[in-house]
Number of protein chains: 2
Amino acid sequence: MTAPAPIRVVLADDERMVRTALRAILSAEADLEVVGEAATGAEAVAVVRELRPDVVLMDVRMPEIDGIRATEQILAGLDEPPRIVVVTTFENDSYVYDALRVGAAGFLLKRSDADALVGAVRLVARSDSLLFPAAVRALAAEHARACAAPPAWVARLTGRESEVLRHMAAGLTNAEIARRMEVGAATVKTHVASVLAKTGARDRTQAVIAAYESGFLRNP
Amino acid sequence: MTAPAPIRVVLADDERMVRTALRAILSAEADLEVVGEAATGAEAVAVVRELRPDVVLMDVRMPEIDGIRATEQILAGLDEPPRIVVVTTFENDSYVYDALRVGAAGFLLKRSDADALVGAVRLVARSDSLLFPAAVRALAAEHARACAAPPAWVARLTGRESEVLRHMAAGLTNAEIARRMEVGAATVKTHVASVLAKTGARDRTQAVIAAYESGFLRNP
DNA sequence: GCGGTCCTCCCCCGCGCGGCGGAGGCGGAT
DNA sequence: ATCCGCCTCCGCCGCGCGGGGGAGGACCGC
């Protein structure tokens with residue numbers, strides 16, 4: 001029985017040693033073939049465009065263009081893009097979200113052992129539906145939307161005004177806010193007025209809505 | 001060289017044919033061993049408790065207890081719980097979120113081919129860090145929080161009251177709501193009063209906060 | 001029929017809220 | 001020294017809001 005077409009892999013990592021190690025692990029498998037390497041994001045885009053691999057192992061931190069943007073460019077520029085697996089060091093990295101957002105097919109930790117690495121590459125290459133498919137992408141997209149860039153007015157709020165808005169969004173009255181902040185009721189009214197002016201809100205309810213919609217309440 | 005300890009797998013699916021098919025696929029691999037089967041969620045919990053497998057392939061739709069709750073019970077009840085892979089038919093199933101929420105290690109589609117299935121089992125069993133680990137869990141947990149079960153008061157709101165609350169959450173005054181709904185201002189006040197009473201809010205601002213926090217605004 | 005819920009609308013009342021202008025202190029920038 | 005932004009507080013005023021209670025009509029199920 002003749003060997004099936006091997007899975008063609010490109011490695012993108014700025015550290016030569018990492019590439020060498022990955023190549024050693026993957027080349028030991030008969031069905032895997034490392035066809036190219038790249039040391040920068042820009043190089044990765046170029047190499048993938050030329051070699052058309054099945055799978056790309058993409059490091060996140062790279063010179064020039066990071067792995068996320070490289071992934072983005074590759075997936076946007078090609079008709080039949082490869083499956084891109086993003087590789088990073090820490091699993092609670094914020095890059096995980098970015099990787100999912102731009103359409104990476106998978107996510108792998110650098111401390112994964114050889115079995116996991118090889119298994120992931122095979123799984124990603126073969127199956128339309130690998131672990132955590134479209135639904136997780138949707139999740140990430142939603143997360144990105146929820147953490148969207150806050151409007152300009154957020155930066156313009158002073159410290160006290162931010163505090164007041166937070167208390168407003170907790171459903172407190174002006175008098176209650178005054179007690180909590182240990183200032184006079186008149187002071188709170190002044191801050192509230194500033195908040196309304198800066199947010200463009202007519203009343204405290206609209207200000208609270210703006211606080212929710214802008215994600216203001218999710219920041220420190 | 002002696003064979004390493006095989007990966008011990010339990011299958012949970014209410015359809016005998018599915019179990020048979022899965023068993024056939026997995027048993028063909030030397031390093032996989034199907035040690036048990038279950039046809040219901042309750043049975044799955046019992047079987048896993050007794051056999052202590054490495055991996056469980058858990059169908060979502062099952063009699064008595066569904067796969068999600070079974071997963072929850074298994075992970076909660078054992079010290080060293082198995083890796084549980086939830087199996088379903090459609091990938092944009094809402095079960096995906098539930099599966100992640102309760103701590104499933106992976107997610108697999110029924111239409112996956114044999115390679116993908118075997119690869120997933122191996123990957124889940126071997127690696128602490130499979131594709132999409134803790135960070136995705138966090139994502140799902142956040143999603144679950146955002147889409148938390150609506151409080152009882154949501155169901156108690158009448159049609160008009162819901163409309164009014166929605167308009168309140170859009171930042172409209174009572175007069176504006178009256179114009180939009182083409183009713184008298186007094187009517188709106190009545191509805192607002194009902195909303196405040198049912199939500200337990202002191203004022204419209206607290207009602208709007210409740211609407212946001214409860215996810216009321218995301219329902220039709 | 002008769003109770004129940006829902007929608008509609010009315011009254012009065014008190015008060016929190018928001019808009020207005022003014023004022024003093026304090027710290028940093030020029 | 002001067003300005004400016006921020007925080008603090010004061011008064012006054014109008015009004016929207018929320019609480020309370022009442023009332024009529026439409027629809028539904030027992």
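Within every chain, numbering begins at 1; the chains are lettered A, B, ... in the order of the sequence lines, protein sequences first and strands thereafter. Computed from a predicted structure; not experimentally measured. In what follows, every heavy atom counts, from backbone to side chain, and hydrogens, waters and symmetry copies are set aside.
- By the neighbour-count criterion of 12 heavy atoms within 6.0 Å, atom CZ of A:Arg23 is densely surrounded, having more than that number from other residues, nucleotides or ligands.
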Problem set entry | Trace of the side chain to side chain contact (heavy atoms under 4.5 Å, CB included) decision for B:Thr187 with B:His191 | CA-CA 6 Å; B:Thr187 305; B:His191 291 316; 3.5 Å; yes
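- Computed from coordinates, the A:Glu161 CD to D:dC6 P distance equals 7 Å when rounded to whole Å.
- Checking D:dC7, C:dC9, C:dC7 against the side-chain heavy atoms of B:Ala186 singles out C:dC9 as nearest.
- Between the CZ atom of B:Arg160 and the P atom of C:dT5 there is a distance of 20 Å, rounded to whole Å.
- Within the 4.0 Å cut-off from OP1 or OP2 of C:dT8, at least one side-chain nitrogen or oxygen of B:His191 is found.
- Of the candidate nucleotides D:dC7, D:dC9, C:dC7, C:dC7 has the atom lying nearest to any side-chain atom of B:Thr158.
- If you measure from atom CD1 of B:Ile177 to atom C1' of C:dC9, you get 17 Å, rounded to the nearest angstrom.
- Ionic pairing of A:Arg160 and A:Glu163 is present here: one or more N-O contacts between side-chain nitrogen and carboxylate oxygen are shorter than 4.0 angstrom.
- A:Gln206 contributes a side-chain N or O that, together with a main-chain N or O of A:Arg202, makes up a donor-acceptor pair within less than 3.5 Å.
- Counted within 6.0 Å of CD on B:Glu176, heavy atoms from surrounding residues, nucleotides or ligands total more than 12; the atom is thus considered enclosed.
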For this session: For each nucleotide in nucleotides 17-28 of chain C, reading 5' to 3', give B when a protein heavy atom comes within less than 4.0 Å of its base, S when such contact involves only the sugar-phosphate, and - otherwise.
Result: SBB---------
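- Around atom CZ of B:Arg8, more than 12 heavy atoms belonging to other residues, nucleotides or ligands sit under 6.0 Å away.
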